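Read through the structure below, which is laid out as structure tokens, and then see the notes.
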Protein chains: 2
Amino acid sequence: MTHSEENYLKAIFHIGKGGANEISTNAIAEQMETKPSSVTDMMKKLSEKNLVNYKKYKGVSLTAIGKSMALSIIRKHRLWEVFLVEKLDFSWDEVHDVAEQLEHIESEKLIDKLDKLLDYPKYDPHGDPIPDKNGNFKVMDKKLLSELSVNDKGICVGVKDSSSQFLKFLDKNKIALGDIIEVIDKEDFDGSFQLKINANSFNVSSQIASNLYVQITE
Amino acid sequence: MTHSEENYLKAIFHIGKGGANEISTNAIAEQMETKPSSVTDMMKKLSEKNLVNYKKYKGVSLTAIGKSMALSIIRKHRLWEVFLVEKLDFSWDEVHDVAEQLEHIESEKLIDKLDKLLDYPKYDPHGDPIPDKNGNFKVMDKKLLSELSVNDKGICVGVKDSSSQFLKFLDKNKIALGDIIEVIDKEDFDGSFQLKINANSFNVSSQIASNLYVQITE
DNA sequence: ATTTAAATTTAGACAAACCTAAAACTTTAT
DNA sequence: ATAAAGTTTTAGGTTTGTCTAAATTTAAAT
Ligand SMILES: [Mn+2]
Ligand SMILES: [Mn+2]
Ligand SMILES: [Mn+2]
Ligand SMILES: [Mn+2]
């Protein structure tokens with residue numbers, strides 16, 4: 001498996017949200033920042049290797065093997081992100097690009113040992129679940145903050161947008177995973193939220209609210 | 001810089017033992033397990049980038065920039081080897097292949113943080129020196145065990161051959177870096193050595209003796 | 001000093017991963 | 001139902017890094 005092949009599998013998995021949906025050529029091209037014609041070439045190759053189901057003009061989906069490979073790469077990506085944050089003191093907005101490289105290192109032993117060193121983490125620094133060796137992970141029952149109603153209370157457990165910009169914004173405003181968030185009020189006019197985060201009052205725009213995941217506690 | 005370009009620079013550095021020697025095309029081809037014609041192609045490219053001095057039929061040498069890049073890759077390789085042994089409990093015969101991959105990860109910050117995590121090690125698990133950020137390292141004053149005379153005494157500080165076979169042989173015979181070695185006798189007939197290693201008597205062939213580095217203590 | 005052998009370079013080809021432009025297919029709108 | 005628009009594929013190229021086979025240069029041997 002080449003790096004490129006791995007990246008395509010990962011892209012298909014992410015676009016399809018792990019399901020068996022049919023993914024369009026254009027969607028993959030966009031995600032990969034490449035051209036549709038390049039995607040077609042690659043789909044033929046991955047199909048030849050039985051990693052995707054591909055029928056001309058009909059889109060692609062991952063085969064069981066393709067899916068398990070995608071999950072293995074995602075596992076590596078997220079474990080490395082944890083490593084960078086926990087062991088090397090990277091901040092959560094700096095880890096993604098390095099993990100994009102590290103995820104392609106081939107060594108079963110390496111990743112097992114890393115998993116152990118990190119004490120078998122279940123989530124990465126952005127709240128995304130880390131598949132185990134067999135590709136299994138439990139999806140957390142979480143909602144976007146924007147879906148909550150007034151008086152709902154929950155724990156901040158993840159980010160939808162994990163761009164450096166957004167993460168730095170959260171840092172600046174001292175919002176972090178694990179924080180307790182209560183919806184005090186919703187502003188109909190602009191969709192902004194009045195919150196209490198760890199006992200401090202806060203107002204966030206609807207854009208922010210629709211990129212934060214919370215687990216409702218009551 | 002591509003992985004391949006990095007590997008060529010490293011190969012030239014290793015063949016030339018860090019000096020400014022003129023390296024032959026064939027030597028590089030052998031080291032890289034590739035064909036001389038491929039080497040020629042690459043030398044043209046590296047020359048174009050001012051990383052090597054290349055004149056047709058006259059061999060190549062690293063430029064100052066090429067050398068500092070080679071050293072940076074070697075630094076990464078060896079730091080990763082230390083990490084694998086110290087933090088992930090790899091044994092010294094398992095680290096090289098993984099380090100060959102990890103050495104190409106591009107992130108200045110990553111390698112600085114790794115260096116810190118490992119507490120700025122000076123030597124890798126095989127006794128090879130780790131260049132600092134500026135490419136500086138002190139060469140240990142060491143000799144091959146085979147060069148010692150009867151009654152010479154020293155500390156085992158490195159291996160010349162760091163193949164898995166040799167390292168496993170040393171493990172099996174409980175010979176490790178840091179051991180104190182004394183030459184009790186040399187056998188003229190087959191060049192074998194009668195040793196005392198950590199108070200235990202030992203006989204090793206000349207092949208073994210010419211692949212172990214020791215630092216003479218008296 | 002030639003001839004022979006070895007080392008090195010050139011010429012031409014190939015696979016991987018990408019591209020642009022044009023053709024073919026599907027979907028949407030009239 | 002047909003035309004227009006959008007999507008996807010094909011055709012033909014490019015770059016990187018490799019290869020084989022042939023030509024060239026250098027080194028060794030007679
Ligand atoms: Mn990431
Ligand atoms: Mn992540
Ligand atoms: Mn090594
Ligand atoms: Mn080493």
Side-chain angles (χ1 to χ4, degrees), chain A residues 1-16 20-62 65-66 69-70 73 97 100-101 103-106, chain B residues 1-16 21-62 66 69-70 73 97 100-101 103-106:
Chain A
M1 285 264 291
T2 65
H3 289 196
S4 192
E5 287 172 341
E6 292 187 343
N7 287 334
Y8 274 97
L9 291 179
K10 204 171 42 130
I12 296 169
F13 183 92
H14 279 136
I15 296 166
N21 321 1
E22 303 274 286
I23 307 300
S24 82
T25 301
N26 270 359
I28 299 169
E30 192 182 358
Q31 172 86 14
M32 297 282 298
E33 296 181 57
T34 182
K35 302 289 168 182
S37 54
S38 305
V39 175
T40 302
D41 284 349
M42 184 57 87
M43 290 313 109
K44 284 178 185 168
K45 186 164 27 142
L46 293 179
S47 176
E48 202 56 49
K49 293 188 173 188
N50 281 304
L51 299 172
V52 300
N53 306 114
Y54 170 63
K55 268 166 296 174
K56 272 194 199 179
Y57 295 104
K58 299 298 178 190
V60 291
S61 60
L62 292 173
I65 306 169
M69 286 197 169
I73 299 153
D97 291 345
E100 283 291 310
Q101 298 181 63
E103 72 188 3
H104 299 293
I105 302 292
E106 268 184 89
Chain B
M1 284 263 292
T2 66
H3 289 196
S4 192
E5 287 173 339
E6 293 187 342
N7 286 333
Y8 274 97
L9 291 179
K10 203 172 43 134
I12 296 169
F13 183 92
H14 279 136
I15 296 166
N21 322 1
E22 302 274 286
I23 306 299
S24 81
T25 301
N26 270 359
I28 299 170
E30 191 182 1
Q31 171 87 13
M32 297 283 296
E33 294 182 55
T34 183
K35 301 291 169 182
S37 55
S38 306
V39 174
T40 302
D41 285 349
M42 183 57 87
M43 291 313 109
K44 285 178 184 166
K45 189 170 13 148
L46 293 179
S47 175
E48 202 57 49
K49 293 188 173 187
N50 280 306
L51 299 172
V52 300
N53 306 114
Y54 170 63
K55 269 166 295 174
K56 271 194 198 179
Y57 295 105
K58 300 299 181 188
V60 291
S61 60
L62 293 173
M69 288 197 166
I73 300 153
D97 291 347
E100 283 292 310
Q101 298 181 64
E103 71 188 5
H104 299 293
I105 303 293
E106 268 184 89

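Here the structure is a predicted model, which is why all the values come from computation and not from measurement. Here is how names work: the chains are called A, B, and so on, in the same order as the sequence lines, proteins then strands, and each is numbered from 1.
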Original post:
On DNA chain C, nearest-nucleotide positions of S37(A) versus E5(A): which is more 5'?
Top reply: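 Its nearest nucleotide being more 5', the pick is E5(A).
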
Gap between atom [atom2] of [Y] and atom [atom1] of [X] - 0.5 Å precision:
X	Y	atom1	atom2	result
Q101(B)	E106(A)	CD	CD	6.0 Å
M42(A)	T34(A)	CE	OG1	9.0 Å
M69(B)	L62(B)	CE	CG	11.0 Å

Partners of [X] by side chain to side chain contact (heavy atoms under 4.5 Å, CB included), sequence neighbours excluded?
X	result
N26(A)	S24(A), P36(A)
S37(B)	K35(B)
D41(B)	none

**OP:** Would you indicate, yes or no, if dT10(D) has its OP1 or OP2 atom less than 4.0 angstrom from a side-chain nitrogen or oxygen of K44(A)?
**Re:**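 Looking at the OP1 and OP2 atoms of dT10(D), one of them is under 4.0 Å from a side-chain N or O of K44(A).
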
For [X] and [N], what is the distance between atoms [atom1] and [atom2] respectively, to the nearest whole Å?
X	N	atom1	atom2	result
E33(B)	dT18(D)	CD	P	12 Å
L46(B)	dT18(D)	CG	C1'	15 Å
M43(A)	dC18(C)	CE	C1'	13 Å
K55(A)	dC25(C)	NZ	C1'	16 Å
E22(B)	dT8(C)	CD	P	12 Å

Original post:
Of L46(B), I23(B), T40(B), which is the lone residue that meets side-chain contact (heavy atoms from CB on, under 4.5 Å) with Y54(B)?
Top reply: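 Only one option passes, and that is T40(B).
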
Side chains of residues 1-13 of chain B: which donor-acceptor partners sit under 3.5 Å, not counting sequence neighbours?
{"from": "T2(B)", "atom 1": "OG1", "to": "E5(B)", "atom 2": "N", "distance (Å)": "3.1"}
{"from": "E5(B)", "atom 1": "OE1", "to": "T2(B)", "atom 2": "N", "distance (Å)": "3.0"}
{"from": "E5(B)", "atom 1": "OE1", "to": "K49(B)", "atom 2": "NZ", "distance (Å)": "3.2"}
{"from": "E5(B)", "atom 1": "OE2", "to": "K45(B)", "atom 2": "NZ", "distance (Å)": "3.3"}
{"from": "E5(B)", "atom 1": "OE2", "to": "K49(B)", "atom 2": "NZ", "distance (Å)": "2.8"}
{"from": "E6(B)", "atom 1": "OE1", "to": "H104(B)", "atom 2": "ND1", "distance (Å)": "2.5"}
{"from": "N7(B)", "atom 1": "OD1", "to": "H104(B)", "atom 2": "NE2", "distance (Å)": "3.0"}
{"from": "N7(B)", "atom 1": "ND2", "to": "H3(B)", "atom 2": "O", "distance (Å)": "3.4"}
{"from": "K10(B)", "atom 1": "NZ", "to": "E100(B)", "atom 2": "OE1", "distance (Å)": "3.1"}
{"from": "K10(B)", "atom 1": "NZ", "to": "E100(B)", "atom 2": "OE2", "distance (Å)": "2.9"}
{"from": "K10(B)", "atom 1": "NZ", "to": "E103(B)", "atom 2": "OE1", "distance (Å)": "3.2"}
{"from": "K10(B)", "atom 1": "NZ", "to": "E103(B)", "atom 2": "OE2", "distance (Å)": "2.8"}

Please tabulate, one pair per line, each protein N/O and nucleotide N/O from nucleotides 12-16 of chain D that are separated by under 3.5 Å, including the distance.
none

I'd like a list of close polar pairs between nucleotides 4-8 of chain D and the protein, N/O only, cut-off under 3.5 Å.
{"from": "dT8(D)", "atom 1": "OP2", "to": "N26(A)", "atom 2": "N", "distance (Å)": "2.9"}
{"from": "dT8(D)", "atom 1": "OP2", "to": "N26(A)", "atom 2": "OD1", "distance (Å)": "3.3"}
{"from": "dT8(D)", "atom 1": "OP2", "to": "N26(A)", "atom 2": "ND2", "distance (Å)": "3.3"}

